[in-house]
Undergrad: 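Take a look at the following structure, please.
Numbers restart at 1 for each chain; the letters A, B, ... are given by sequence-line order, proteins then strands.
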Number of protein chains: 2
Amino acid sequence: MDRVFHGLADATRRDIVEQVLSREQSVSTLARRYDMSFAAVQKHVAVLERARLVTKQRRGREQIVRGNPDVLRRAVHLLDAYERIWRDRARAIDDILAEDIDTERTAQ
Amino acid sequence: MDRVFHGLADATRRDIVEQVLSREQSVSTLARRYDMSFAAVQKHVAVLERARLVTKQRRGREQIVRGNPDVLRRAVHLLDAYERIWRDRARAIDDILAEDIDTERTAQ
DNA sequence: CTGACGTACAACCACGCGGTTGTACGTTAG
DNA sequence: CTAACGTACAACCGCGTGGTTGTACGTCAG
């Protein structure tokens, strides 16, 4: 997960993920989109590959990059779990408040 | 967003987020949970604070840390958008395949 | 008042990141 | 065959990160 979030923690890399999710493309095709060297883009792709956010596959002399929605989903589920913790806590607080009001009313 | 994902790209920080989402606590209370110096935990909290994943509020001599579910939700939405790109593409491919089969059938 | 506690911050270190340039190698086009 | 293309990789640089220790300061308890 460290690698996944680190992969997403860069605007260029998030854009690459978006690109290859909608259409698989070679590293050099991707590189042309960004105002930086080919090697830099290559490194970004490598970071995404280590995080399994993206896979590479040779096709002739080109290396085709595709997005991997599974890892993306795992990240969403983790964050959803955090949100659930929050909601559960909020519900518990509401319950206590409701109980307090009840107690108050009974005490009167 | 860079800061948000960078904030989440560390196991200790993700644990801190989880902790303070379920129960707000002081920095030193948090620090006791981890096998590192107080200053290190302080820095992790600072990273989370810069990403707005967490807020701090003074209470006497303590600094109370709370989770911020809003930023978490924005991250989830972004990743959901990526997934949607994928699903849309998959649907488009399915449509084309269906059309091909149709064409094939008609041609026979 | 005094001491312990919680915090803040600076200095330092090793390491990794994001970027560059340069070089080398396999593959395809002409 | 040769040239151009796509890729891989190493070396380098500046900077930020994750960790440490040390010092200082406000606040609370006894």
Undergrad: According to a strict under-4.0 Å criterion, is B/Ser37 in side-chain N/O contact with OP1 or OP2 of D/dG19?
TA: no
Undergrad: Identify whether any heavy atom of A/Arg13 sits under 4.0 Å from a base atom; if not, whether one sits that close to sugar-phosphate; answer base, sugar-phosphate or nothing.
TA: sugar-phosphate
Undergrad: DNA chain C: A/Val41 or A/Arg59, which has the more 5' nearest nucleotide?
TA: A/Val41
Undergrad: Return the NE2 to CD1 distance between A/His44 and A/Ile16, rounded to the nearest 0.5 Å.
TA: 6.0 Å
Undergrad: At under 4.0 Å between heavy atoms, how does the protein contact nucleotides 7-13 of chain C? Give one character per nucleotide, 5' to 3', with B, S or -.
TA: BBB-B--
Undergrad: Is any side-chain nitrogen or oxygen of B/Arg50 closer than 4.0 Å to OP1 or OP2 of D/dG16?
TA: no
Undergrad: Roughly how far, to the nearest 0.5 Å, is the CG atom of B/Leu8 from the CG atom of A/Leu8?
TA: 9.5 Å
Undergrad: Please state how far atom CE in B/Met36 lies from atom P in D/dT21, giving the value in whole angstrom units.
TA: 13 Å
Undergrad: Rounded at 0.5 Å granularity, tell me how far CG in B/Leu53 sits from CZ in B/Arg74.
TA: 9.5 Å
Undergrad: Whole angstroms only, please: what is the CG-P distance between A/Asp2 and C/dG16?
TA: 14 Å
Undergrad: If I compare all heavy atoms of A/Met36 with all of A/Val41, which pair ends up nearest, and what's the gap?
TA: CG-CG2, 3.8 Å
Undergrad: How long is the line joining CZ of A/Phe5 and P of C/dC17, in whole Å?
TA: 17 Å
Undergrad: Grab the CG-C1' distance between B/Asp35 and D/dT20 for me, whole Å please.
TA: 13 Å
Undergrad: Tell me whether the OP1 or OP2 atom of C/dG18 has a side-chain N or O from A/His6 closer than 4.0 Å.
TA: yes
Undergrad: From OH of B/Tyr34 over to C1' of D/dG18, roughly how many Å is that when rounded to an integer?
TA: 15 Å
Undergrad: Report the distance from atom CD1 of B/Ile85 to atom CG of B/Asp88, rounding to the nearest 0.5 Å.
TA: 8.0 Å
Undergrad: Identify the heavy atoms of A/Val71 and A/Ala51 that sit nearest to each other, and give their distance.
TA: CG1-O, 3.7 Å
Undergrad: So does A/Arg3 get a side-chain nitrogen or oxygen closer than 4.0 Å to the phosphate oxygens (OP1/OP2) of C/dC17?
TA: no
Undergrad: According to side chain to side chain contact (heavy atoms under 4.5 Å, CB included), who are the partners of A/Ser37, at least two apart in sequence or on a separate chain?
TA: A/Ala39, A/Ala40
